[in-house]
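Single-structure report; data block below.
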There are 2 protein chains.
Amino acid sequence: MKILVIEDDASTGAYIAEGLREEGHSVDLIANGADGLVQATIGTYDVMVVDRMLPGLDGMSLVKTLRATKNATPVLFLTSLGGVDDRIEGLQAGGDDYLVKPFVFGELSARIAAIGRRPRTQGDPTSLKAADLEMDLLHRKVTRAGQVIDLLPREFALLEHLMRRKGRVQTRTMLMEAVWDIHYDPLTNVVDTHISRLRGKVDKPFATELIETVRGSGYRIREG
Amino acid sequence: MKILVIEDDASTGAYIAEGLREEGHSVDLIANGADGLVQATIGTYDVMVVDRMLPGLDGMSLVKTLRATKNATPVLFLTSLGGVDDRIEGLQAGGDDYLVKPFVFGELSARIAAIGRRPRTQGDPTSLKAADLEMDLLHRKVTRAGQVIDLLPREFALLEHLMRRKGRVQTRTMLMEAVWDIHYDPLTNVVDTHISRLRGKVDKPFATELIETVRGSGYRIREG
DNA sequence: CTTCGATGACCAGGATTTTCATGGCTTCCC
DNA sequence: GGGAAGCCATGAAAATCCTGGTCATCGAAG
């Protein structure tokens, strides 16, 4: 399991990190909130262990920020604050669990296992949404404003890739690599063509357009 | 949210049940382990709150039994035992969270919300398994013994149908109806042909065969 | 030994994907 | 504002892939 530990106290941090590594996990240890947020954003973790008290950006704000960006990585808060209200606050901020210091390593381990074994639909949603457009990945069904849209396999794959990264521009090169698995420049406009066809099915029949062209770079799904 | 509370102490049980109902949940309250297990088995709940100490069947055994039947309903344990070892034990038994009595209602509520907002994969698995064969429905990837197998769409659909009914014989007619949507007898052996192609990819390269022929009736996936 | 199923080859038709050519629209620069 | 160049959109043609059908042969089960 890939675990990110954000803990400013060096000895506690090392204690946790080493213990988890001994259990076979891959652990990244970060000592402050700001860096932690960056790392959490760029990396992909199964679980995060976050101290509530951190220099700079505190744990609560960190998780709130993360959740606001749709990152749903399970978070286990660590705290020296034992008050009930604090605990509730942590859970409400989007934490998945809470452990009060001092704690026995065994309990941390058990709780991480419990969090980790949760069905990980998290990083892997079964449906993607943007405005009134919805993709059901499991049943391969696409609907917009309640209407079912039939997509060919390649169209589906293309839309899926864009939807998974909605709001972010995808260049033709990125799309060719991801959807076509082409790693050189074939001097073709396959992408354009498919975008065009997608639009014909997904945008044309409706009021607003969700597939945006970003001139000079690529395409993007409008944020829902 | 539908919540099952298994708690023998009448006043605690009522306290929890009423509090949860006030929050708009639908609550069933059961006072002993045996009945609780029955109720958990026949009903469909989003979350279960289980006291560890119960007359008859204790909470731990109850959850273990439940998990053994593949029931993955999230469980929040309640306990008066504050020892660290007990808590670990509960989590390992398949509990998802743990709350030590006495507790403030707000914390119970927050934890239930945290557990409940986990995505449910229940009724609709994202992957199908039989022995060492695995189908990832989300990514349309099939692997056997770690090896990736490429299937054409129709092959995938056929295998999926068989896998969803593994162990049960599917006649050619059933398969044609389900996979080909043909409701008459086209006097052809399409099914045979595709089964053969499937076998070529799924069974042939491996030691044991998973696609069994049931002479005179149809085909079946061997139970994993 | 009779019947049912397995398999491999092959083809045709259709569906899907890619390429290509054209024309429109932007942007930039003078 | 007028071009020119680059970008993009799109329709149609071409190439490719997938599917279903047929058939012949072989093997296994009853």
Side-chain angles (χ1 to χ4, degrees), chain A residues 140-142 149-162 169-206 208-222, chain B residues 140-142 149-162 169-206 208-222:
Chain A
R140 307 244 126 191
K141 267 206 294 199
V142 179
I149 298 176
D150 270 333
L151 294 186
L152 298 176
R154 188 119 276 156
E155 293 165 354
F156 191 96
L158 175 59
L159 184 59
E160 177 181 351
H161 183 86
L162 286 169
V169 178
Q170 294 300 107
T171 65
R172 286 155 224 275
T173 308
M174 290 161 83
L175 292 170
M176 276 199 292
E177 298 222 326
V179 180
W180 277 265
D181 198 28
I182 291 176
H183 300 279
Y184 53 92
D185 183 352
L187 304 167
T188 167
N189 70 344
V190 227
V191 178
D192 297 59
T193 305
H194 279 263
I195 288 282
S196 170
R197 267 214 295 274
L198 251 189
R199 280 178 167 149
K201 295 180 179 180
V202 170
D203 272 347
K204 278 281 179 57
F206 302 89
T208 56
E209 75 163 22
L210 288 174
I211 304 174
E212 294 182 320
T213 301
V214 180
R215 205 185 161 77
S217 36
Y219 301 93
R220 168 176 58 191
I221 295 288
R222 174 112 47 101
Chain B
R140 307 243 126 189
K141 267 206 291 202
V142 179
I149 298 175
D150 270 333
L151 295 185
L152 298 176
R154 184 116 287 154
E155 293 165 354
F156 191 96
L158 175 58
L159 184 58
E160 178 181 350
H161 183 85
L162 287 168
V169 179
Q170 294 301 106
T171 65
R172 287 156 225 275
T173 309
M174 290 161 82
L175 291 171
M176 279 201 290
E177 296 223 324
V179 180
W180 277 265
D181 198 30
I182 291 177
H183 300 278
Y184 53 93
D185 182 352
L187 303 167
T188 167
N189 69 344
V190 225
V191 178
D192 296 59
T193 306
H194 278 263
I195 287 283
S196 172
R197 286 182 189 161
L198 248 190
R199 278 180 167 145
K201 295 181 179 180
V202 170
D203 272 345
K204 276 280 180 57
F206 302 88
T208 56
E209 75 162 21
L210 289 174
I211 304 174
E212 294 182 320
T213 301
V214 180
R215 206 184 162 75
S217 37
Y219 301 94
R220 168 176 57 191
I221 295 288
R222 178 123 32 114

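Numbers restart at 1 for each chain; the letters A, B, ... are given by sequence-line order, proteins then strands. What you see is a predicted model; the values in this text were computed from it and never measured.
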I want to check one thing: is the phosphate of [N], taken as OP1 and OP2, less than 4.0 Å away from some side-chain N or O of [X]?
| X | N | value |
| --- | --- | --- |
| B/H194 | D/dT19 | no |
| A/W180 | C/dT18 | yes |
| A/T188 | C/dT19 | yes |

What nucleic acid atoms does B/V191 come within less than 4.0 Å of, heavy atoms only: base, sugar-phosphate, or nothing?
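Contact class for B/V191: none.
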At 4.0 Å (heavy atoms only), tell me whether A/G200 reaches a base, stays on the sugar-phosphate, or touches nothing.
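Here A/G200 touches no strand at all.
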In this structure, how many angstroms lie between the P atom of C/dT18 and the CG atom of A/L175, rounded?
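Rounded to whole Å, this separation is 13 Å.
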From CD of B/E155 over to C1' of D/dG20, roughly how many Å is that when rounded to an integer?
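One finds 13 Å between C1' of D/dG20 and CD of B/E155, rounded.
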Distance check, rounded to the nearest 0.5 Å: [X] atom [atom1] versus [Y] atom [atom2]?
| X | Y | atom1 | atom2 | result |
| --- | --- | --- | --- | --- |
| A/I149 | A/L159 | CD1 | CG | 8.5 Å |
| B/I182 | B/L175 | CD1 | CG | 11.5 Å |
| B/E160 | B/R140 | CD | CZ | 6.0 Å |
| B/T171 | B/R220 | OG1 | CZ | 13.5 Å |

So, are B/R197 and B/E155 salt-bridged, with charged N and O less than 4.0 Å apart?
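Salt bridge: no.
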Angle of first-five versus last-five pair axes in the helix from C/dC1-D/dG30 to C/dC30-D/dG1, to 10 degrees:
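Between the first-five-pair axis and the last-five-pair axis there is 30°.
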Contact check, side chains of B/R199 and B/Y219, non-hydrogen atoms, under 4.5 Å:
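Result yes, sub-4.5 Å side-chain heavy-atom pair found.
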From C/dT18, D/dG20, C/dT17, nucleotide with atom closest to B/V190 side chain
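Of all the options, the side chain of B/V190 is nearest to D/dG20.
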Which nucleotide in the list D/dA28, D/dT19, C/dT17 gets nearest to the side chain of B/R154?
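Selected nucleotide (nearest to the side chain): D/dT19.
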Short N/O separations, protein against nucleotides 6-13 of chain C, under 3.5 angstrom:
from  : atom 1 : to     : atom 2 : distance (Å)
C/dA6 : OP1    : B/R199 : NH1    : 2.8
C/dA6 : OP1    : B/T213 : OG1    : 2.4
C/dA6 : OP2    : B/Y219 : OH     : 2.4

Using modelled atom types and a 3.5 Å cut-off, is there a donor and acceptor pairing between side-chain atoms of A/R172 and backbone atoms of A/T188?
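Such a contact is absent between A/R172 side chain and A/T188 backbone.
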